[in-house]
Number of protein chains: 2
Amino acid sequence: MFAARGVAGTGVRDITAAAEVNLAAINYHFGSKEGLVEAVLARSAQRLVEERLKGLAECAEGPGRPPMLEQLISAYVSPSLSYGREAGMDGVAFIRLRARLAVESEEVYRRLLARTFDESSRRFLEAIKAALPALPPDLVTWRFHFMMGSMIFCQVDNGRIQSISEGAIDASDPEGALARLIPFLAAGFRAPP
Amino acid sequence: MFAARGVAGTGVRDITAAAEVNLAAINYHFGSKEGLVEAVLARSAQRLVEERLKGLAECAEGPGRPPMLEQLISAYVSPSLSYGREAGMDGVAFIRLRARLAVESEEVYRRLLARTFDESSRRFLEAIKAALPALPPDLVTWRFHFMMGSMIFCQVDNGRIQSISEGAIDASDPEGALARLIPFLAAGFRAPP
DNA sequence: GTCTATACAGTGATAGAC
DNA sequence: GTCTATCACTGTATAGAC
């Protein structure tokens with residue numbers, strides 16, 4: 001319901017009514033509405049991270065040594081764009097929900113996302129630094145940040161580029177976005193310092 | 001107040017009390033709280049667009065013909081990252097507010113941003129297509145979308161990359177971000193199809 | 001037309017009965 | 001542990017004064 005109608009758009013009364021439990025159940029079991037959001041997201045995000053790290057492990061086994069930059073980017077971005085899409089009917093809304101929390105101002109959500117994602121992101125950042133030994137490490141960090149921006153904006157997109165391009169592009173298509181993102185980001189990462 | 005404490009975090013009673021007017025004033029003059037947000041943002045955004053278009057006009061007069069890709073990217077990104085920073089003390093919060101609305105789900109804000117920004121964005125997109133005649137136009141549109149993502153994420157950032165990099169990078173510094181963004185994005189745009 | 005006071009239906013949270 | 005009743009608060013609507 002959070003994914004479908006948004007966190008703010010979903011009242012605790014909607015949830016408890018759908019679950020056929022008492023109004024106070026959420027506050028009793030999760031402390032607050034935010035606590036419930038945190039619990040819901042922590043579970044989904046944890047599995048996404050596992051998928052990411054599985055991809056990272058496969059990169060290390062690949063033919064290129066050190067792993068190709070493109071492989072690393074794909075392993076990082078792909079689960080974020082498509083995880084949740086196949087499993088469950090509200091997958092797309094769920095992907096958007098995750099992305100929207102990533103740009104949220106509220107401290108609670110930022111701490112949750114940091115706790116869940118930072119460890120694996122740091123490992124990817126280190127791997128990409130190793131794949132680009134000629135570049136200053138801090139510059140790679142900046143570029144990693146730009147990558148997160150492009151990735152999250154693809155997830156969150158709900159019509160911006162369709163509007164600008166008069167419908168020529170559907171940015172919410174994960175395969176299409178990934179196919180264009182990887183060469184774009186790889187070239188950006190490889191730009192001379 | 002919207003910029004400082006967020007839209008949701010600012011009640012209409014806070015605003016009317018600070019303005020020393022009656023509670024009903026907002027709904028009378030702007031229809032609703034959303035209407036007030038729209039009015040506040042429309043004014044700020046309009047001036048940003050003007051700054052952007054001034055930069056686009058200067059590109060056309062520059063020594064490169066057609067304009068250098070880097071010039072175009074800078075003219076597009078730079079006002080978005082820094083406009084409002086100098087004017088007024090809440091400039092930084094204002095930049096974040098704009099960016100957060102860009103990823104907002106609610107239809108009202110998306111329509112407002114589309115109405116305000118799409119026209120000028122479309123002109124930049126066409127200019128970039130002209131600067132990259134070897135690339136399929138649709139691919140340039142995709143890459144323009146990725147650029148918007150990186151740009152907006154720099155605006156909205158509130159500690160993500162600081163956390164991952166253990167404080168090495170301050171992504172909210174507009175000059176630092178712009179200096180790294182332009183070569184990154186230019187290389188991404190120029191990647192072979 | 002503009003401003004005021006007040007009422008209303010909604011929210012999330014919670015003290016206390018069972 | 002669970003549930004009910006109630007709390008403080010939100011944005012909005014409206015009747016009436018100026």
Side-chain angles (χ1 to χ4, degrees), chain A residues 1-45 90 93-94 96-116 158, chain B residues 1-45 90 93-94 96-116 158:
Chain A
M1 292 174 76
F2 286 144
R5 293 203 279 270
V7 176
T10 309
V12 286
R13 285 166 179 81
D14 302 331
I15 301 168
T16 52
E20 292 178 352
V21 297
N22 186 267
L23 169 62
I26 288 176
N27 287 282
Y28 178 74
H29 288 285
F30 298 96
S32 67
K33 183 188 177 183
E34 279 183 353
L36 175 61
V37 178
E38 199 166 326
V40 167
L41 241 94
R43 206 171 47 174
S44 144
D90 286 327
F94 223 102
R96 276 217 274 264
L97 174 64
R98 271 204 316 272
R100 209 156 286 142
L101 288 179
V103 296
E104 194 67 55
S105 55
E106 288 186 45
E107 185 61 23
V108 231
Y109 299 126
R110 280 180 25 221
R111 274 221 317 278
L112 164 66
L113 289 171
R115 199 170 347 114
T116 319
N158 30 29
Chain B
M1 292 174 76
F2 286 145
R5 293 203 278 271
V7 176
T10 310
V12 286
R13 284 165 180 83
D14 302 332
I15 301 169
T16 53
E20 292 176 353
V21 297
N22 186 268
L23 169 62
I26 289 176
N27 286 280
Y28 178 73
H29 287 284
F30 299 96
S32 66
K33 182 187 178 184
E34 279 184 353
L36 175 60
V37 178
E38 197 164 328
V40 167
L41 242 95
R43 206 170 47 173
S44 143
D90 285 328
F94 224 103
R96 277 217 273 264
L97 174 64
R98 270 204 318 271
R100 210 157 286 141
L101 287 179
V103 295
E104 194 66 55
S105 55
E106 287 186 44
E107 185 61 22
V108 229
Y109 300 125
R110 281 183 20 223
R111 274 221 316 277
L112 165 65
L113 290 172
R115 199 171 344 115
T116 319
N158 30 29

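The sequence lines fix the lettering, A, B, ..., with proteins before strands; numbering per chain opens at 1.
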Have a look at [X] and say if it touches a base, only the backbone sugar-phosphate, or nothing, with a 4.0 Å heavy-atom cut-off.
X: A:Thr10; answer: sugar-phosphate
X: B:Ala25; answer: nothing
X: A:Ile26; answer: nothing

Could you walk me through whether B:Leu36 and B:Ile15 satisfy the side chain to side chain contact (heavy atoms under 4.5 Å, CB included) test, starting with their C-alpha distance in whole Å, then the side-chain angles of each, then the deciding distance to 0.1 Å, before giving a yes or no? CA-CA 11 Å; B:Leu36 175 60; B:Ile15 301 169; 4.0 Å; yes

First and last nt of DNA chain C near chain B, cut-off under 4.0 Å to heavy atoms, 5' to 3', are C:dG1 to C:dT6

Given side chains that start at C-beta, do those of B:Val7 and B:Lys33 come closer than 4.5 Å, heavy atoms only? yes

Side chains of B:Phe30 and B:Val37: closer than 4.5 Å at any heavy-atom pair? no

Rounded distance in Å - [atom1] ([X]) to [atom2] ([N]):
X: B:Asn22; N: D:dA13; atom1: CG; atom2: P; answer: 15 Å
X: B:Asp14; N: D:dT10; atom1: CG; atom2: P; answer: 7 Å
X: A:Tyr28; N: D:dA5; atom1: OH; atom2: P; answer: 20 Å
X: A:Leu23; N: D:dA5; atom1: CG; atom2: C1'; answer: 11 Å

If you compare all heavy atoms of B:Ala45 against all heavy atoms of B:Thr116, which two are closest, and at what distance to 0.1 Å? CB-CG2, 3.5 Å

If you take all heavy atoms of B:Thr16 and B:Asn22, which pair is closest and at what distance? CG2-O, 3.3 Å

Which residue lies more 5' along DNA chain D, comparing B:Ala24 with A:His29 via nearest heavy atoms: A:His29

Gap between atom CG of B:Leu97 and atom OG of B:Ser44 - 0.5 Å precision: 8.0 Å

